[in-house]
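Down below is the structure, laid out as structure tokens.
Each chain gets a letter, A, B and so on, in the order the sequences are listed, and its residues count up from 1. Values reported hereafter were calculated over all heavy atoms of this structure, with side chains retained and with hydrogens, waters and symmetry mates removed.
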Amino acid sequence: MKATVHVTLKNGVLDPQGKAVQSALGGLGFAGVEEVRQGKVIELTLAETDPEAARASVEKMCRELLANTVIEDYRVDIEG
Amino acid sequence: MKATVHVTLKNGVLDPQGKAVQSALGGLGFAGVEEVRQGKVIELTLAETDPEAARASVEKMCRELLANTVIEDYRVDIEG
Amino acid sequence: MTEPTPDVIAAHGLNEPEYAEVLNILGRAPNLVELGIFSVMWSEHCSYKSSKKWLKTLPTTAPWVICGPGENAGVVDIGDGQAAVFKMESHNHPSFIEPYQGAATGVGGILRDVFTMGARPVANLNALRFGSPDHPKTRHLVAGVVAGIGGYGNCVGVPTVGGEVNFHPAYNGNILVNAMTVGVAPADRIFYSAAAGVGNPVVYVGSKTGRDGIHGATMASAEFNEDSQEKRPTVQVGDPFTEKLLIEACLELMATDAIVAIQDMGAAGLTSSSFEMASKGGMGVELALDQVPMRETGMTPYELMLSESQERMLMVLKPGREDTARGIFEKWGLDFAIIGRLTDSGRMVLTWHGETVADLPIDPLAQASPEYDRPWVDTPAPAPLDEAALPAHPTWDAALATLIASPDVASRRWIWEQYDHMVMGDTVQRPGGDAAVVRLHGSNRGLALTTDCTPRYCRAHPESGGAQAVAEAYRNLSAVGARPLAVTDNMNFGNPEKPEIMGQFVGACRGMAAACEALEFPVVSGNVSLYNETAGEPILPTPAIGGLGVLEDVERMATIDLKAPGQALVLLGG
Amino acid sequence: MRAAVIVFPGSNCDRDVAVSLRAATGHDPIMHWHADTELPKVDLIVLPGGFSHGDYLRSGAMAAHAPVMREVKARADQGVAVLGICNGFQVLTECGLLPGVLMRNQSLRFICRDVFLRVEATDTPFTAHYAPDQVIRVPVAHHDGNYFADPATLDLLEGEGRVAFRYTDADGTASAAANPNGSRRNIAGVLSANRRVLGLMPHPERLADPLLGGTDGAPLFSALAESLAA
Ligand SMILES: Nc1ncnc2c1ncn2[C@@H]1O[C@H](COP(=O)(O)OP(=O)(O)O)[C@@H](O)[C@H]1O
């Protein structure tokens with residue numbers, strides 16, 4: 001079973017990477033890029049076969065390790 | 001208009017971050033994590049309003065800057 | 001305007017007598033913006049209200065001291081027309097909540113204190129205390145703090161050359177992260193923060209302001225409790241890349257004669273920087289807050305005054321130099337905005353799209369902040385150890401193995417290898433010796449640097465422990481062949497409202513003062529961090545000392561490694 | 001020899017390498033700002049270490065698109081020598097002047113310490129003052145030094161003698177223990193096909209002065225000064 005976790009900075013938290021990418025895109029001549037935010041995507045392959053159990057386990061992984069909940073939000077997607 | 005870019009390592013490219021996460025999860029007592037791959041997600045807010053033009057422009061950004069195609073694949077999603 | 005409710009006043013950390021003083025100063029009730037400003041200015045962190053009385057007892061002068069406590073950092077003459085600018089500062093609470101970013105922004109803050117004064121930073125050090133090695137959080141905290149210090153310092157390109165680490169259960173819920181920066185400037189080109197010149201423009205440079213750490217300065221002074229985990233204040237994220245650009249841009253502008261005064265926006269951001277600059281210069285200020293570069297939409301004057309966004313500076317320029325300055329900051333890709341001017345009113349007038357949102361007298365706020373003579377009890381001198389009651393002496397081999405395996409003695413290589421300790425090409429003595437030695441660029445002279453404190457001594461007897469920390473710093477500098485010149489300190493203690501804790505603080509100050517006096521080793525800068533307690537459990541009293549000395553010839557520096565077989569080992573001292 | 005050091009926003013070893021160049025050539029290199037496209041005529045272009053653009057996104061990725069880089073590539077094509085150290089190596093791979101990519105260190109930690117390198121190629125303007133298979137000691141200081149390329153590319157590099165340096169033990173063995181960052185085949189530095197572009201993660205400029213604890217980096221600069229003498 002596969003799980004995908006998106007970890008993104010909370011709203012209002014400074015994103016230095018996004019800021020730098022935005023200005024680099026401007027430098028490359030891409031106009032009209034109003035905001036850039038950079039996050040992580042983590043793809044997990046799990047032995048678990050029950051979607052609900054998988055979700056519960058991945059949510060726990062997010063809280064304990066994958067996301068830094070002080071500054072980051074996370075979203076879990078489970079696919080068969 | 002918003003665009004989301006997923007940048008992930010190509011198959012066969014060793015992913016030190018994913019491997020470290022996998023072993024850390026094991027250390028935390030999560031069993032049955034068979035593989036972990038870590039990538040980036042970049043969210044762009046664009047002035048462009050035409051989805052096709054937006055996609056073309058973001059694909060170009062990926063080729064020129066956002067992804068290193070020696071080791072990375074990318075996927076672009078455009079939403080209203 | 002509606003008067004703030006008691007709840008709102010309490011949430012701003014002002015007690016009843018303090019609020020009464022606010023009413024007395026204003027002759028009316030404050031609005032929310034004004035209340036926020038009072039709360040920040042009178043927080044323990046900014047006002048030193050519990051510690052001021054005792055800090056004044058530390059010796060701060062010597063013929064080579066150019067500037068002692070009171071500015072962004074201390075300044076000493078190191079000969080050859082050069083000055084060393086240095087200070088240590090704590091980022092304890094933020095680092096416990098988010099170790100990487102907390103430690104990283106701590107490094108960023110202390111760097112700004114130093115380059116604000118016109119010095120190019122040449123070395124970073126740190127003094128760290130963690131809980132017991134087997135406490136479940138310790139590993140994560142150590143890894144995060146070390147990575148954060150490296151992540152910031154390595155990127156800005158200032159070598160992290162030394163530091164110290166201890167482990168003790170008293171720090172389980174309250175780690176200490178003290179960061180020190182040393183910079184070098186021409187002795188006659190030091191920049192100060194006193195504003196001058198009616199009509200001169202007040203200029204904002206660096207990063208945009210966001211809603212970072214609103215209330216962080218008050219948080220840093222409030223005792224930690226179990227639900228701090230829940231409240232999770234907005235942690236600031238550091239941007240070392242912007243800091244690097246800010247260093248280069250500021251030093252480039254400082255090479256011209258455009259700057260009248262400059263101050264970094266540290267804790268309490270725009271509030272404390274503007275009040276301090278105005279108060280030191282006896283000036284008034286008008287700021288148009290709508291001109292402040294903003295990162296988010298919908299920000300309010302309250303948020304702009306209290307934001308702790310990093311990598312920002314405030315300057316007063318000479319008239320007509322705006323374009324020179326703007327050109328330099330734009331070249332480095334940094335924000336630049338003229339946000340106000342100096343007046344002779346002695347008042348801080350803040351406007352928002354033309355409307356006045358705060359109007360406060362500057363000196364009463366900045367200078368008449370509360371000063372407490374907190375009750376304290378002396379820590380009694382410990383009874384001599386009863387030798388008979390000690391466990392039997394282990395074999396020498398076993399004793400040695402125990403010592404070497406102790407977390408307080410074990411090699412710190414794992415830590416310093418994560419710090420770039422060689423960038424700038426002048427680290428002639430790397431971490432691992434008694435003191436780091438950094439060559440003064442382009443010469444054969446050098447600075448020796450160390451941080452020291454043994455908290456268990458300080459707990460046993462704060463006065464001896466404080467004196468010992470100073471003496472150890474002095475010895476470490478002497479051991480590499482340097483002439484010790486001056487110290488910076490970081491006083492980390494528990495809740496000063498408890499007489500025993502206040503007694504520890506007083507004792508440590510007495511010991512430090514005596515040692516500094518005896519050694520002619522004055523305190524030129526420092527920082528105080530109080531309320532380091534979790535659930536009523538205080539940390540060990542930890543007056544961290546950062547020492548600086550000078551070597552006339554780095555080729556004659558002494559190092560710790562044994563050089564050749566057959567040489568004699570000599571024990572000196574008693 | 002005239003050298004230019006390209007200064008990117010976030011470069012922080014630009015001054016360090018200038019010191020080594022001055023020691024080897026007797027004069028100061030040109031410090032050239034990345035946004036300035038008019039690059040003077042020089043014999044050597046140096047891309048220094050540091051954190052260009054904060055190393056955000058990927059190390060060296062944004063600097064690879066700096067305005068001056070088009071000219072740097074054109075000069076490289078004409079045979080002008082280009083040296084990329086640490087972040088400079090990352091920029092060279094990102095802009096395609098060298099193959100492969102520098103990934104995050106296997107330990108995921110920044111690593112700053114001396115390492116041993118075996119000099120694998122001495123027929124270049126950079127390495128002519130080393131002896132074949134000489135083992136030298138120089139520091140590394142990086143977070144992203146894990147050299148990766150596909151096996152075919154690695155075979156090609158090895159077949160053409162384009163691996164300039166490998167991480168080894170003090171006795172010259174390219175063991176796993178001697179590899180500080182997980183680089184494929186212990187590769188620490190690679191050359192372009194015409195052998196005029198060198199990228200390496202270790203910092204020769206940091207041990208080119210006896211007061212800093214060693215001089216094994218100095219021959220690289222003296223070799224450049226001699227080979228590229230006008
Ligand atoms: N323990 C101390 N010993 C000596 N001076 C101190 C001490 N703590 C603070 N100071 C001095 O008080 C002044 C204000 O410090 P602080 O508020 O920490 O500076 P900043 O404006 O950088 O936050 C500084 O000049 C500092 O050197």
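Looking at D:His53, both its backbone and its side chain come within 4.5 Å of chain C, counting heavy atoms on both sides. With a 4.5 Å cut-off on non-hydrogen atoms, C:Arg430 touches chain D through its side chain but not through its backbone.
Residues D:Pro9 and C:Leu245 share a closest heavy-atom pair of CB-CD2, 3.7 Å.
The number of heavy-atom neighbours closer than 6.0 Å to CZ of C:Arg139, taken from other residues, nucleotides and ligands shown, is 12 or below.
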If you apply the rule side-chain contact (heavy atoms from CB on, under 4.5 Å), what do you find for C:Phe241 with D:Phe51, and how did you get there? CA-CA 8 Å; C:Phe241 171 56; D:Phe51 287 67; over 6 Å; no
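Note on D:Arg206 versus C:Asp426: no salt bridge recorded, every NZ/NE/NH1/NH2 to OD/OE distance being 4.0 Å or above.
Contacts between residues 104-118 of chain D and chain C, defined by a heavy-atom separation under 4.5 Å, are made by D:Arg109, D:Phe110, D:Ile111, D:Cys112, D:Arg113, D:Asp114. When the heavy atoms of residues 143-159 of chain C are compared with those of chain D, the residues falling under 4.5 Å are C:Asn154, C:Cys155, C:Val156, C:Gly157, listed by number. The contact list for residues 12-20 of chain D toward chain C, using heavy atoms and a distance under 4.5 Å, reads D:Asn12, D:Cys13, D:Arg15, D:Asp16, D:Val19 by residue number.
Among the candidates C:His441, C:Glu248, C:His421, C:Arg439, the residue making the largest number of heavy-atom pairs closer than 4.5 Å to chain D is C:His441. Ranked by heavy-atom pairs under 4.5 Å with chain D, the list C:Val428, C:Val423, C:Asn444 is led by C:Val423. With respect to chain D, the highest number of heavy-atom pairs below 4.5 Å among C:Met422, C:Lys244, C:Glu555 belongs to C:Met422. Ranked by heavy-atom pairs under 4.5 Å with chain C, the first of D:Gly54, D:Ser52, D:Pro139 is D:Gly54.
Within the structure, side-chain hydrogen bond (donor to acceptor under 3.5 Å, both in side chains) contacts touching residues 29-38 of chain D (residues at least two apart or in different chains) do not occur.
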